[in-house]
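Notes to accompany the following structure.
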Amino acid sequence: MNVVRILYRGSLSSCNYHCGYCPFAKTVNTRQQLRQDAQEVDRFVEWAAGGNRAMAILFTPWGEAIVHAHYRRAMVRLSRMPHVQRVALQTNLSCGLQEFEEADRDALAFWATFHPTQVSLPQFVERCGVLDRMRIRYSVGVVGLREHIDAIEELRRRLPPSIYVWINCNKREPHYYSEEELSRLRRVDPYLDLNRRDYPSRGEACRAGESVFTVDGEGDVRRCHFIDQQLGNIYRDDIFARLGARMCSNATCGCHIGYVHRPALDLYRLFGDNVLERIPADWPHVEAGFVAAEARETRDGSYR
């Protein structure tokens, strides 16, 4: 079955965290702006419900979405639509998760992020434990700053071996990591080096605009978040008829949600059906010996 992958980013731009390294969520939305965002999300869900094309959806907000009830409702409803194979969300897990008991767990997934300056490691691991008990699939990511390497390693030790921990590398400073630091980070994330570079992309093939596209709050469609040219609007056009093979027009691509769709990198083979939630299809992988060796077992036999 040919699945169309949709990345949704509405007008939400506020976050309950204030990470110094984060380029997003530097604003505080008003109540009116949040009402507008809720209306946009509800309209998108209605559009998805009205079709039967196989799709997978990733919410990639500028801010933190899970703290808002309209995103939680949207994910539950989308997960229960038979033609929606996956609905995933980028989130810091900073709210109650009980509403997701009503979701279809086979379709639901989270791309969770740990922010060491904003939440304690025990608190974050406990939230991950709630997902484990609810049997909701998820990956965990961290920004790979040098000062957080100890915390990243401890995070890996405390999470179950079945959970993939990925690291977004600091690429703003050349030669930022020492070889020893890279070795430590690779033991946590064996696929670390995929994220250590910006890939030359102009004139290269990409699934963006062919089987992947982005939607904003107005329904306007673009190939990806990094190319502003519009392909149409889901509320006015037959957007699926406008999809087709296109070459990338940007000089480079350095974000996972962009380069993962490049056929030349063969990352669909690595992630399989888990592309949107960033979980390798064969995880846990034998290369991640650190995972199994360092996991700590609690009295009840679970890993924390």
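When reading the values below, keep in mind they use all heavy atoms of this one structure, side chains included, and skip hydrogens, waters and symmetry mates.
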message: Run the salt bridge (Lys or Arg N to Asp or Glu O under 4.0 Å) test on Asp193 and Arg186 for me, step by step, so that the C-alpha distance in whole Å, both residues' side-chain angles and the decisive distance to 0.1 Å come before the verdict.
response: CA-CA 8 Å; Asp193 291 295; Arg186 287 187 187 111; 2.7 Å; yes

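- Classified by interplanar angle (parallel below 30°, tilted 30° to 60°, perpendicular above 60°), the ring pair Phe240/Trp47 is parallel.
- At a threshold of 4.0 Å, the pair Asp132-Arg137 does not count as salt-bridged, since none of the basic side-chain nitrogens sits closer than that to a carboxylate oxygen.
- Linking ILVMFWY side-chain heavy atoms closer than 4.5 Å, directly or via other members, places Met134 and Leu78 in a single hydrophobic cluster.
- Of the candidates Asn52, Asp104, Val45, Ile57, Met81 forms a side-chain contact (heavy atoms from CB on, under 4.5 Å) with just one, namely Val45.
- Every residue meeting the salt bridge (charged side-chain N to carboxylate O under 4.0 Å, His left out) condition with Asp198, not counting sequence neighbours, appears here in chain and number order: Lys171.
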task: Verify side-chain hydrogen bond (donor to acceptor under 3.5 Å, both in side chains) between Ser201 and Glu204, making sure each step is shown before the conclusion.
output: CA-CA 5 Å; Ser201 58; Glu204 297 292 330; over 6 Å; no

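- Remark: the backbone N or O of Leu185 is not paired with any side-chain donor or acceptor of Tyr177 at under 3.5 angstrom.
- Between the side chains of Trp166 and Ser139, at least one donor N or O lies within less than 3.5 Å of an accepting N or O.
- Under the 3.5 Å distance criterion, the side-chain polar atoms of Glu153 are left unmatched by any main-chain donor or acceptor of Asp150.
- Crowding of Gln229 atom CD: a count of heavy atoms from other residues, nucleotides or ligands under 6.0 Å not exceeding 12.
- Salt bridge Arg73/Glu102: absent, no basic N to carboxylate O contact under 4.0 Å.
- When all heavy atoms of His261 and Pro263 are compared, the pair lying nearest together is O-CD, 3.2 Å.
- The salt bridge (charged side-chain N to carboxylate O under 4.0 Å, His left out) check on Arg262 picks up nothing, with sequence neighbours excluded.
- The environment of Asn170 atom CG is dense: over 12 non-hydrogen atoms of other residues, nucleotides or ligands sit within 6.0 angstrom.
- Of the charged side-chain nitrogens involved, none lies within less than 4.0 Å of a carboxylate oxygen, so that Arg184 and Glu181 do not count as a salt-bridged pair.
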- request: Using the salt bridge (Lys or Arg N to Asp or Glu O under 4.0 Å) rule, take Arg158 and Glu126 through it: C-alpha gap first, then chi angles, then the decisive distance, then the call.
  value: CA-CA 10 Å; Arg158 292 191 181 209; Glu126 173 53 33; over 6 Å; no

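- Residue Phe44 forms a ring-ring contact (aromatic ring centres under 6.0 Å, His included) with just one option from Tyr235, Tyr8, Tyr71, and that option is Tyr8.
- Listed for the Arg86 side chain is a donor-acceptor partner under 3.5 Å among the backbone atoms of Asp106.
- Following chains of ILVMFWY side-chain contacts shorter than 4.5 Å, one cannot reach Ile227 starting from Ile234, and the two form parts of different hydrophobic clusters.
- Side chains of Thr113 and Gln90: a donor-acceptor N/O pair is absent below 3.5 angstrom, by distance only.
- Gln118 contributes no side-chain N or O that, together with a main-chain N or O of His115, makes up a donor-acceptor pair within less than 3.5 Å.
- Between the Asp216 side chain and the Gly219 main chain, a donor and an acceptor come within less than 3.5 Å of each other.
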- request: Could you please spell out the steps behind the salt bridge (Lys or Arg N to Asp or Glu O under 4.0 Å) verdict for Glu210 and Arg246?
  value: CA-CA 7 Å; Glu210 180 179 11; Arg246 291 172 170 86; over 6 Å; no

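- Under the 3.5 Å distance criterion, the side-chain polar atoms of Arg146 are matched with a main-chain donor or acceptor of Tyr176.
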